[in-house]
Participant: 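Okay, handing you the structure first.
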Protein chains: 4
Amino acid sequence: MTDPIQQQLITARKNQILDAAARVFATKGFHAATIKDVASDAGIAAGTIYNYFENKTALLFAIFERMRDSRQALTTFAELQPDDVRGFIRAFVATPLMSLHSDYLDLFRVVISEIMVNEELRALYAQQIIGPTLIIAEKWFQTWIAQGLIKPIDTGLMVRTLSSLILGLMVQKLIGDELLQTRWESLPDTLTDLIMDGIRGET
Amino acid sequence: MTDPIQQQLITARKNQILDAAARVFATKGFHAATIKDVASDAGIAAGTIYNYFENKTALLFAIFERMRDSRQALTTFAELQPDDVRGFIRAFVATPLMSLHSDYLDLFRVVISEIMVNEELRALYAQQIIGPTLIIAEKWFQTWIAQGLIKPIDTGLMVRTLSSLILGLMVQKLIGDELLQTRWESLPDTLTDLIMDGIRGET
Amino acid sequence: MTDPIQQQLITARKNQILDAAARVFATKGFHAATIKDVASDAGIAAGTIYNYFENKTALLFAIFERMRDSRQALTTFAELQPDDVRGFIRAFVATPLMSLHSDYLDLFRVVISEIMVNEELRALYAQQIIGPTLIIAEKWFQTWIAQGLIKPIDTGLMVRTLSSLILGLMVQKLIGDELLQTRWESLPDTLTDLIMDGIRGET
Amino acid sequence: MTDPIQQQLITARKNQILDAAARVFATKGFHAATIKDVASDAGIAAGTIYNYFENKTALLFAIFERMRDSRQALTTFAELQPDDVRGFIRAFVATPLMSLHSDYLDLFRVVISEIMVNEELRALYAQQIIGPTLIIAEKWFQTWIAQGLIKPIDTGLMVRTLSSLILGLMVQKLIGDELLQTRWESLPDTLTDLIMDGIRGET
DNA sequence: CATGAATGAGCCTTCATTCAT
DNA sequence: CATGAATGAAGGCTCATTCAT
């Protein structure tokens, strides 16, 4: 049961299956992909998958969790100066944007697609990914306002606007916007400028 | 063949079917919905649907086209003053946001979900909805820059940022963000302020 | 919906399927029989069965109901004289025994087998077949006791003994007892004698 | 090979497995029970079962054989007086009826169910359990008739009637007849009276 | 001999689509 | 053009059985 070597084997096999599932889902989409597709890609028998995952949906959820974990690993703003508004904003924007590797692109597409439609997955996404980020960010904004570093804006709407902006850019990139894809690297700076100062010409 | 009365009947029947399909898809999702579900909701036989639409996917595409048309109808900025930057931005943001009625919410959810996964639908969305909007908006921004009304920003990235912001807010609302849902009405003004002037405190 | 011709067609198709199911179940047993077996035997596609029956188990239940109905049709003792104890007993015994045609033999085997194991079917059998018979019979016995026609026995146990005897004979015949099969016709008389007078030699 | 200690170990392990199988089969039924269920209940691995039994069906057969053996152990009428007709009948009836403990109830249910459907098991039951009993009983009846202790009835039908009565009562008890369950203890006497003297009132 | 992961045949069921009426 | 019964391909999932360790 708790044999560490067994656990490693189990984890390895799970990852093998999830890697295959991620590839297949990304290629064909979740609904079009079959368990046999995943099994073939993983080089195992279809039935074996059910020794490690409850059902097809569980594969999607596990993939989702892996994405969440890999994302949380990135979301560390520890080294930032507390009053460095611009630095924080840039990091806040750049971190998720840069995590959207070309490897993850198609997988993210599938997960987002299912999030829209699957209530349970949607709740997970809201609670485990969006939620914590919003709370952390909102505290920073409140601090800055108290310090007079930024205008006294509605922090709740502000953090949602920021995260929506990021999410929307990702989705639009996924949709195939060429300019976004070629200029993706320059987004953090451009966005930070916009958020800090807006577009209005100085008068 | 091209008997106008026949055409009207055909159009009416198509709309009857699409109305039903929109309701059913919105309720159960595209994949979970069956042709019989749609037929029942429309009060007709399942076979009849195939007299008007090629297959199930065609229903989704037709629904998509209706959404596109209704959206294009809204996107008229004719009455705006050419130099009213703030007015344009506000309209540009408010129009799609306000079109996300509660009626359309779930349907939009389904369509977005499929757009992510269906390449053909995705191309349509990019070309027919996002594309024209971006082109129009970009021209305005270029004009304003020429007039010195706004900073000399990268207009391509700018319009994509704006439309992504809108799209992202819609998606995040769909995901179930409560604050966004209750404060939805105040978004246009808040966003316009942000876009125009940013968050930085005046020094 | 309530079109009588439609109803007839539906009933005919249901019977066609049930006939096939009865044959196949009788031959291979319920669990070993597949839906495709039934469909092939009925000369239709597998999917068609699901237009008429919920699932495989529903087929068994419907078969059970047909047997119940055909059995109830036989269970009429109206023409008997109220004080004809021997006549009643003989009819009570003979009716079910004689209904066990060779056609029904294997089917009855399957149904009994499932009744043992399927709680819902068991409840149906107890309530709809055994129960009513016991109640009717018990009233007759009580009348006869009141009239002094038979000994003051425990009527509850008596009617259960009788119906168990019948059931047991059927089961034992199904098990393949050759003597029972060849002498089946003489059972009613033999049993009636036994029940009336026992085996003890007159002293 | 024929090491006696090895044999004991093998027998013990077989019994361990059969005990578990009996419990699991009785609880879930033969078809619903899985080999893993049995293995879990026995506290061993699924594969181990196949070191002792050919396949799943073999478990059922072995259980059946154990029931047969335990039953034969009971069926000893040695101590009865050869002319004690009533005593013999009572023992003949009481022995199997009383062997239907609540422990065995559900197991018997499963075995009977499979006997109905499995031809091989059915043959075993007929030859090894019913058959010998009938032969023994028939000889007694013939003796009694020769002695004038009972009427000159058809002994073949008679013994089958008796054993069917017992079998039928068991089945009906299994089906859930409440009165039979509460009055089960009084059956031997009641049945013996019935068989000996019938129900007809003395004239 | 014990283990239990791997296997893969096979089943029930769904449902988009067709077509005779 | 409407109907809806019939179709049958396809998929998720189970589980008895095997066999390398």
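Keep in mind it's a predicted model, so treat the numbers as computed, not measured. Per chain, numbering begins at 1; letters A, B, ... match sequence-line order.
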Participant: Would you say D:Asn118 and D:Tyr125 make side-chain contact, with heavy atoms under 4.5 Å?
Facilitator: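 A side-chain contact under 4.5 Å is absent here.
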Participant: Find the partner of F:dT17: check Watson-Crick (N1-N3 plus N6-O4 or O6-N4) and G-U wobble (N1-O2, O6-N3) distances, both under 3.5 Å, and reply none if neither fits.
Facilitator: E:dA6
Participant: Once rounded to the nearest 0.5 Å, what's the spacing between atom CG of B:Leu60 and atom CD of B:Glu65?
Facilitator: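 With rounding to 0.5 Å, CG (B:Leu60) is 10.5 Å from CD (B:Glu65).
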Participant: Taking any strand in view, what nucleotide pairs with F:dC1 in a Watson-Crick or G-U wobble way, both distances under 3.5 Å?
Facilitator: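 Across all strands, not a single nucleotide pairs with F:dC1.
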Participant: Please state how far atom CZ in D:Arg13 lies from atom P in E:dT3, giving the value in whole angstrom units.
Facilitator: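 Roughly 7 Å, once rounded to whole Å.
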Participant: I need the CG-P distance between D:Leu59 and F:dA16, as an integer number of Å.
Facilitator: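 In whole Å, F:dA16 P and D:Leu59 CG are 10 Å from each other.
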Participant: Would you say that B:Arg13 contacts B:Asn51 through its side chain, given a criterion of any heavy-atom pair below 4.5 Å between the two side chains?
Facilitator: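 SC-SC contact between B:Arg13 and B:Asn51 ruled out.
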Participant: What parts of residues 30-55 of chain B reach DNA chain F, counting only heavy atoms under 4.0 Å away?
Facilitator: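 Per residue number, the list reads B:Ile44, B:Ala45, B:Gly47, B:Thr48, B:Asn51, B:Tyr52.
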Participant: For the pair made of CD in A:Gln7 and P in E:dA5, what is the distance, rounded to whole Å?
Facilitator: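 My rounded result for the distance is 11 Å.
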Participant: Decide yes or no on side chain to side chain contact (heavy atoms under 4.5 Å, CB included) for D:Gln8 and D:Ile5, but give the supporting numbers first.
Facilitator: CA-CA 5 Å; D:Gln8 278 194 354; D:Ile5 293 191; 5.6 Å; no
Participant: For A:Gln6 and E:dG4, what is the distance between atoms CD and P respectively, to the nearest whole Å?
Facilitator: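 Checked: the CD to P distance equals 8 Å.
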Participant: Quick one: are A:Arg66 and A:Asn15 in side-chain contact, heavy atoms under 4.5 Å?
Facilitator: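 Side chain of A:Arg66 against side chain of A:Asn15, heavy atoms only: contact under 4.5 Å found.
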Participant: D:Leu9 CG to E:dC1 C1': how many Å, rounded?
Facilitator: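 After rounding, the gap between these two atoms is 11 Å.
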Participant: Judged by atom type as modelled, is there a donor-acceptor pair below 3.5 Å linking the side chain of D:Lys56 to the main-chain atoms of D:Phe30?
Facilitator: yes
Participant: Give the rounded distance in Å between these two atoms: NZ of A:Lys28 and P of F:dA10.
Facilitator: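 Atom-to-atom, A:Lys28 to F:dA10, this comes out as 11 Å.
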Participant: Which nucleotide wins on minimum distance to the side chain of B:Lys56, given the candidates E:dT17, F:dC13, F:dC1?
Facilitator: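 Given the options E:dT17, F:dC13, F:dC1, the side chain of B:Lys56 is closest to E:dT17.
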